[in-house]
Amino acid sequence: MKNIVVIGAGKIGSTIARLLAHSGDYHVMLADRSAEQLSQIERHDAITTAEIDIDDGNALVGLLAGKFAVLSAAPFHLTIAIAEAASKAGVHYLDLTEDVESTRRVKAIAETASTAFIPQCGLAPGFISIVANDLAHHFDTLDSVRMRVGALPQYPSNALNYNLTWSTDGVINEYIEPCEAIVEGQLIEVPALEEREEFSLDGVTYEAFNTSGGLGTLCESLKGKVRTLNYRTIRYPGHAAIMKALLNDLGLRHRRDVLKDIFENALPSTMQDVVIIFVTVAGRKDGRLVQETYANKVYSAVVAGRMMSAIQITTACSICAVLDMLAKGELPSKGFIRQEEIGLDAFLKSRFGHYYEQKAYADKMAG
């Protein structure tokens, strides 16, 4: 059994710990600064807990020493501290961050590290880049890559048409920070919540708009190879307009703590969610302009003996699948590894990755 540290005992971190423990191949130490959070963790022979202040660098290095890898499910602002500790302790590093600047710092840390550093191992960024890169390889030359992802309640019941399904800090961050895109072949930054569009899937209308971080490192990888590359978050119509009023008109972009408190006390969480993944790539094959689309929906389901939400499944299974591939030697054991370097077929055939195909939705679309 390989010894793993998972930092962050929230919804996603605890799900990661459960999946790895139930696999029979990992012993997990689940670490968090909140004793109350740790006390709620399910008891399992392969899970131990540790209360630790992430800001205490020496304590963190000591916690990681001798382990195979550390998986960060902590808020994005703790990313750098965990990555630096992983480098000092000589352990592999994986995270779920959507924060662009944090990933740039992780890349710099990886340059002198003796182990693998694999950031952005979630849904978006993460799996979405694996899908987009796989489709891109079907073409002789690329014209456009459009990536759309959303974690939505199946039964919306408020004006925002939204329920909390994952990190509140992460949602707010992606609604505020600049977004990378390639426009007419040039890598630029575009504002969040802008360039709204509408589309329909299975008879349901959705809106999509710019949010930060979903592209991961794909902009850098495809720069000079594609005319248009963008990522947008999917929501039900009306969501973007209200968020722009809250962030811009009421100035809550400058008071993130206030907005977080409002969200967490006014928007209920739900297990009845759906994750929508929609990637469209256009380019030339044998001189002809053609288009290919990957469309998938993942719903809440029983995984490892417990009902899990769709966002728990897609996020936790993604990082667990990447860890498995690293542990089996299917990924490099040193240096910075981009999500788009991971093969889609190998990912989906893995014991964790196959949950993305729970409804066989992609096959239905292809048929």
Side-chain angles (χ1 to χ4, degrees), residues 4-10 12-13 16 29-34 37 50-126 129 166-180 189 192 211-220 256-257 260 315 318-319 322-323 326 332-339 341:
I4 306 297
V5 175
V6 176
I7 297 182
I12 301 301
I16 293 169
M29 178 176 287
L30 185 57
D32 199 287
R33 65 177 59 186
S34 169
Q37 194 90 315
E51 184 181 346
I52 187 171
D53 182 357
I54 305 304
D55 293 326
D56 186 341
N58 291 331
L60 186 55
V61 172
L63 184 73
L64 301 184
K67 305 300 192 297
F68 177 74
V70 56
L71 280 60
S72 174
F76 70 91
H77 55 83
L78 297 175
T79 295
I80 303 308
I82 298 169
E84 288 176 342
S87 178
K88 292 177 182 178
V91 304
H92 299 300
Y93 170 87
L94 298 84
D95 73 34
L96 298 169
T97 188
E98 78 293 334
D99 187 64
V100 175
E101 183 56 35
S102 295
T103 300
R104 290 172 181 160
R105 294 279 302 279
V106 169
K107 183 180 179 182
I109 294 169
E111 290 177 358
T112 57
S114 61
T115 53
F117 276 65
I118 318 176
Q120 305 181 315
C121 295
L123 167 63
S129 292
W166 67 293
S167 165
T168 310
D169 288 309
V171 171
I172 294 171
N173 191 62
E174 70 176 19
Y175 282 0
I176 292 176
E177 295 299 320
C179 317
E180 290 185 325
E189 287 188 344
T211 54
S212 178
L215 282 173
T217 55
L218 201 59
C219 266
E220 185 177 338
R256 295 192 188 194
D257 56 335
K260 179 180 179 179
T315 305
S318 186
I319 196 170
V322 175
L323 175 66
L326 178 65
S333 60
K334 182 179 179 180
F336 185 79
I337 301 171
R338 306 167 191 267
Q339 292 299 307
E341 296 174 25

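Given the structure is predicted, the values throughout are model-derived calculations rather than measurements.
With hydrogens and angles disregarded, no donor-acceptor distance shorter than 3.5 Å links the side chain of T211 to the backbone of Y175. Under the 3.5 Å distance criterion, the side-chain polar atoms of D169 are left unmatched by any main-chain donor or acceptor of P75. A donor-acceptor pair under 3.5 Å is absent between the side-chain atoms of T115 and the main chain of G90, judged by distance alone.
Residue Q37 holds its CD atom at 5.5 Å from CG of D32, rounded to the nearest 0.5 Å. One distance of note links CD1 of I319 with OG of S72; it measures 7.5 Å at 0.5 Å rounding. Between the OG atom of S318 and the CG atom of L123 there is a distance of 7.5 Å, given to the nearest 0.5 Å. A distance of 5.0 Å separates CD1 of I109 from CD1 of I80, quoted to the nearest 0.5 Å.
The two residues V171 and E174 make their nearest non-hydrogen contact at O-CG, 3.2 Å. Residue S212 comes nearest to C179 through the heavy atom pair N-SG, 3.5 Å, listed as atom of the first residue, atom of the second, then distance. Of all heavy-atom pairs between A65 and A89, the closest is N-CB, 4.1 Å. Shown here for D95 and P119, the closest heavy-atom pair between the two residues is OD1-CA, 3.2 Å. Considering all non-hydrogen atoms of both residues, G8 and L30 come closest at O-CD1, 3.6 Å. The two residues A73 and G13 make their nearest non-hydrogen contact at CB-CA, 3.7 Å.
With sequence neighbours excluded, the residues satisfying ring-ring contact (aromatic ring centres under 6.0 Å, His included) with Y93 are F117.
Applying the side-chain contact (heavy atoms from CB on, under 4.5 Å) test between Q339 and each of T217, I118, L218 identifies I118 as the sole match. Residue L96 is tested with I16, L71, T79 for a side-chain contact (heavy atoms from CB on, under 4.5 Å); the sole match is I16. When E220, E111, E180 are each tested for a salt bridge (charged side-chain N to carboxylate O under 4.0 Å, His left out) with R104, only one passes: E180. Only one option out of T103, V100, T97 pairs with F76 in a side-chain contact (heavy atoms from CB on, under 4.5 Å); it is T97.
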* To do: Start with the C-alpha distance between L60 and I7, add both sets of side-chain angles, then the distance that settles side chain to side chain contact (heavy atoms under 4.5 Å, CB included), and finish with yes or no.
  => CA-CA 10 Å; L60 186 55; I7 297 182; 3.7 Å; yes
* Show the numbers, then the answer: is there a side chain to side chain contact (heavy atoms under 4.5 Å, CB included) between E177 and E98? => CA-CA 10 Å; E177 295 299 320; E98 78 293 334; over 6 Å; no
* To do: Using the side chain to side chain contact (heavy atoms under 4.5 Å, CB included) rule, take I52 and M29 through it: C-alpha gap first, then chi angles, then the decisive distance, then the call.
  => CA-CA 12 Å; I52 187 171; M29 178 176 287; over 6 Å; no
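Other residues, nucleotides and ligands contribute more than 12 heavy atoms inside 6.0 Å of the CG atom of D55. In the displayed structure, K88 atom NZ is contacted under 6.0 Å by at most 12 heavy atoms of other residues, nucleotides or ligands.
At a threshold of 4.5 Å between non-hydrogen side-chain atoms, the residues L326 and V322 do not count as touching. When side chains are defined from C-beta on, N173 counts as touching R256, because their heavy atoms get closer than 4.5 Å. In this structure, the side chains of S333 and H92 come closer than 4.5 Å at one or more pairs of heavy atoms. Put simply, the side chain of L94 reaches to within 4.5 Å of the side chain of L323, judged on heavy atoms.
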